[in-house]
There are 2 protein chains.
Amino acid sequence: MELSERKRLILQAIIEDYIQTAEPVGSRNIAKNHDLGLSAATIRNEMADLEEMGYLDKPHTSAGRIPSEMGYRFYVDSLMQRYSFTMEEIANLQHSMDRKFMRLESVISEISDTISKVTNYPAIVEMPSCQKSRLRNLKMMLIERGIVLIVVVTEEGVVRNKRMGVAEEIDYEIIDTISDFLSGQLTGLCADDLTASRLMLIYEAMAQYGALLKSVVEFVLDCLEDSQNRVYIGGASNILNNPEFENIDRARKFLSFIDSHENITKMLGTNEIDENEHISIKIGSENGVEEMNDTSLVIANYSVGGKLHGKIGIIGPKRMNYARVVSSLEVINQRLGEILGKMLYGED
Amino acid sequence: MELSERKRLILQAIIEDYIQTAEPVGSRNIAKNHDLGLSAATIRNEMADLEEMGYLDKPHTSAGRIPSEMGYRFYVDSLMQRYSFTMEEIANLQHSMDRKFMRLESVISEISDTISKVTNYPAIVEMPSCQKSRLRNLKMMLIERGIVLIVVVTEEGVVRNKRMGVAEEIDYEIIDTISDFLSGQLTGLCADDLTASRLMLIYEAMAQYGALLKSVVEFVLDCLEDSQNRVYIGGASNILNNPEFENIDRARKFLSFIDSHENITKMLGTNEIDENEHISIKIGSENGVEEMNDTSLVIANYSVGGKLHGKIGIIGPKRMNYARVVSSLEVINQRLGEILGKMLYGED
DNA sequence: TGTTAGCACTCACTTTCGCTGAGTGCTAAC
DNA sequence: GTTAGCACTCAGCGAAAGTGAGTGCTAACA
């Protein structure tokens, strides 16, 4: 059954008031504060209808109404208007993200700070990763006698390195030879290409350095698989600004969930974003994580050069300023892509 | 004025009871639960003395006593006995730290998790850094046309890298030449050695690549100075397990302080550890940070190979299980040194 | 038939008030 | 010097009463 225009207006008014005040909203307030040209009694009738239809809940008989999950869902799908930032706000926002970044880590943690500052909710930022990366460069350098540094660059531009102990007698020339050999053998391949038989051939070709080769290949494999989908969490304490978390037990439950990167990773894993929309809103139980059933999750995909990608988002109470959060994520998302592009591919 | 043996025993009993229960402790309880062979009335007299001398406070007339900051200070300096872990506990603890670590970041964040799990307080771990590092290796590699990767290794074994855009026409050979030249010029130097005049000479020697040289040197300088003394914070939500933080405003104040890395860095900066002791305990206002005056800070120095060093520690309520915290930090601290040594210098 | 005013009713929240019990300080006796 | 006894204090708890925002229903009005 379709909602009448009037019901939609009333529902919207209720949800927006509730988002602002966190108090159950009553018919009188709607009549007074919104110019609907209706009396409280009429609104009461409509509210009774909306409740019956499942869009509103009542905490108890003599309180006002609050939106149900279904009410929020309808709101974000059909009623919500985008929050529009002023040009100035956008400029400030972008400016606050433009710093001299030396490391990927600092970009990511800076972005999570920015998100949490703008939205006033705890922010989540995933490190960029990729489905199936290929090796672009492999270089071994002798740092000092007995220690070699291995540098791996993937097709997507991710660089990683590792120090490794080697026999004392191995010198610069040997390392260069091994380095060139391995580089030639492995460049352009992805993890799946490195079959056992292929590796056998490689080890045999330079059998006297088998152990070293093995360690290096292991490291390369680890880089290509890059299983650690690390996430950064910023502004976790922001959650305490919301009256629904004044209960210390609830706050503790929330914060200790948030504290664990594993939990967040799992949560992101179970909440994939539809191909054809760039932002996904999960309201309450929709997020599929039982402990977090009374919070909403808003996440966006970002991507860099069409290869690397990850998610950014926020977690907050179901009563959340969805409009503002969505707009913030859009602005930040775009800039993040630009910053990472510049950083990883040197697009200046 | 010296404290009599009996006063010391009573003070210790009060502090330890209070640490356990978080409730003001009364004379009757001390008489009953501790085998001092004294009646409650006698203990009351002694408690009155201790209060007068400044070791105890009274929240209000008809409650028991709680330790004052001075009381805690005396306790940790003179009364506290070390908490002794069983061999099994130590083994478990060490085992939980021994994982396959690929990156410095994961070691650090793992350690901060371990500390917070063992102590049940929020943990702080500083990234290792060093006063004055020298360049050990510099290597530039052309990743693809137009992009060069710079790898810097310092004397202490810290490796950093950066991608940089270069002119299209620069090929492998040119990069190798530049790389060897710069490496020859800069290896063994520290940031202070790179005076303006010395840099001038370098730039002039290969004037046609002046801009590139400049960028590379800038990056090297940044690595050597390594101003970012990053910290990791783990288990922040643990603070909510302590009854003194059931007040939501206090919890918020604490958590939002903790949320900011800047705050923590500043706090660590103002709390140096005395040369001749490896662990420092700052009780309440002693930590010098006004917002954190009702919390205590316990920090330890760790060092790797005598060069790299940093701090680990915890923040908790003044009513803290100091004995256990100190012992935990000692065990963890030692293992951390071993793990980092293995990782950075390949001491297997 | 849709809208509105009026009224009785509900119920969370706040305030008040007295009670309880743990704890203290003082005094007098051992 | 130690202890028993007693009067006094005061936070915390729970019951009771009061307050007010909000609802549902009914009847009258346009």
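Order of the sequence lines sets the chain letters (A, B, ...), proteins ahead of strands, with each chain counted from 1. Note that this is a predicted model, so its numbers are computed, not measured.
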### Query
Can you name the residues that form a ring-ring contact (aromatic ring centres under 6.0 Å, His included) with B:Tyr232, not counting sequence neighbours?
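Per chain and number, B:Tyr232 pairs via ring-ring contact (aromatic ring centres under 6.0 Å, His included) with no residue.
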### Task
Report the residues that fulfil ring-ring contact (aromatic ring centres under 6.0 Å, His included) with B:Tyr18, sequence neighbours left out, ordered by chain and then residue number.
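Partners of B:Tyr18 by the ring-ring contact (aromatic ring centres under 6.0 Å, His included) criterion come out as none, since no residue qualifies.
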#### Entry: Dot-bracket encoding of pairs in DNA chain C, which uses [ ] for pseudoknotted crossings and | for another strand, Watson-Crick or G-U under 3.5 angstrom
||||||||||||||||||||||||||||||
### Message
Considering only residues two or more places apart or on different chains, which pairs with a residue in residues 18-38 of chain A satisfy salt bridge (Lys or Arg N to Asp or Glu O under 4.0 Å)?
### Response
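For residues 18-38 of chain A: none.
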#### Entry: salt bridge (Lys or Arg N to Asp or Glu O under 4.0 Å) contacts touching residues 279-290 of chain B (sequence neighbours left out)
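Sorted pair list: B:Arg73-B:Glu286.
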### Query
Does any residue of residues 56-70 of chain A have a heavy atom under 4.0 Å from DNA chain D, and if so, which ones, in number order?
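Per residue number, the list reads A:Lys58, A:Thr61, A:Ser62, A:Ala63, A:Gly64, A:Arg65.
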Give me the distances for all protein-to-nucleotides 1-3 of chain D N/O pairs that come in under 3.5 Å?
{"residue": "D:dT2", "atom": "OP1", "partner": "B:Arg6", "partner atom": "NH1", "Å": "2.6"}
{"residue": "D:dT2", "atom": "OP2", "partner": "B:Arg6", "partner atom": "NH1", "Å": "3.2"}
{"residue": "D:dT2", "atom": "OP2", "partner": "B:Arg6", "partner atom": "NH2", "Å": "3.0"}
{"residue": "D:dT3", "atom": "OP2", "partner": "B:Ser39", "partner atom": "N", "Å": "3.2"}
{"residue": "D:dT3", "atom": "OP2", "partner": "B:Thr42", "partner atom": "OG1", "Å": "2.5"}

Using distance only, find each side-chain donor-acceptor pair of residues 243-257 of chain B under 3.5 Å and give its atom names and separation, not counting sequence neighbours.
{"residue": "B:Glu244", "atom": "OE1", "partner": "B:Arg319", "partner atom": "NE", "Å": "3.0"}
{"residue": "B:Glu244", "atom": "OE2", "partner": "B:Arg319", "partner atom": "NE", "Å": "3.2"}
{"residue": "B:Glu244", "atom": "OE2", "partner": "B:Arg319", "partner atom": "NH2", "Å": "2.8"}
{"residue": "B:Asn247", "atom": "OD1", "partner": "B:Asp249", "partner atom": "N", "Å": "2.7"}
{"residue": "B:Asn247", "atom": "OD1", "partner": "B:Arg250", "partner atom": "N", "Å": "3.2"}
{"residue": "B:Asp249", "atom": "OD1", "partner": "B:Arg252", "partner atom": "NH2", "Å": "2.6"}
{"residue": "B:Arg250", "atom": "NE", "partner": "B:Asp294", "partner atom": "OD2", "Å": "3.1"}
{"residue": "B:Arg250", "atom": "NH1", "partner": "B:Glu244", "partner atom": "O", "Å": "3.3"}
{"residue": "B:Arg250", "atom": "NH2", "partner": "B:Asp294", "partner atom": "OD2", "Å": "3.1"}
{"residue": "B:Arg252", "atom": "NH1", "partner": "A:Leu240", "partner atom": "O", "Å": "2.8"}
{"residue": "B:Arg252", "atom": "NH1", "partner": "A:Asn241", "partner atom": "OD1", "Å": "3.3"}
{"residue": "B:Ser256", "atom": "OG", "partner": "B:Arg252", "partner atom": "O", "Å": "3.1"}
{"residue": "B:Ser256", "atom": "OG", "partner": "B:Lys253", "partner atom": "O", "Å": "3.4"}

### Stretch residues 18-28 of chain A: residues that reach within less than 4.0 Å of DNA chain C through a heavy atom
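Those residues: none at all.
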#### Entry: For chain A, the stretch of DNA chain C it reaches, first to last nucleotide, under 4.0 Å of its heavy atoms
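Listed 5' to 3', the contact boundaries are C:dT3 to C:dA12.
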### Query
How would you list, by chain and number, every residue that makes a side-chain contact (heavy atoms from CB on, under 4.5 Å) with B:Asn321, sequence neighbours excluded?
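Per chain and number, B:Asn321 pairs via side-chain contact (heavy atoms from CB on, under 4.5 Å) with B:Ile19, B:Tyr121, B:Ala323, B:Arg324.
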### Query
What residues, two or more places apart in sequence or in another chain, satisfy salt bridge (charged side-chain N to carboxylate O under 4.0 Å, His left out) together with A:Asp49?
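With sequence neighbours excluded, A:Asp49 shows a salt bridge (charged side-chain N to carboxylate O under 4.0 Å, His left out) to A:Lys7, given in chain and number order.
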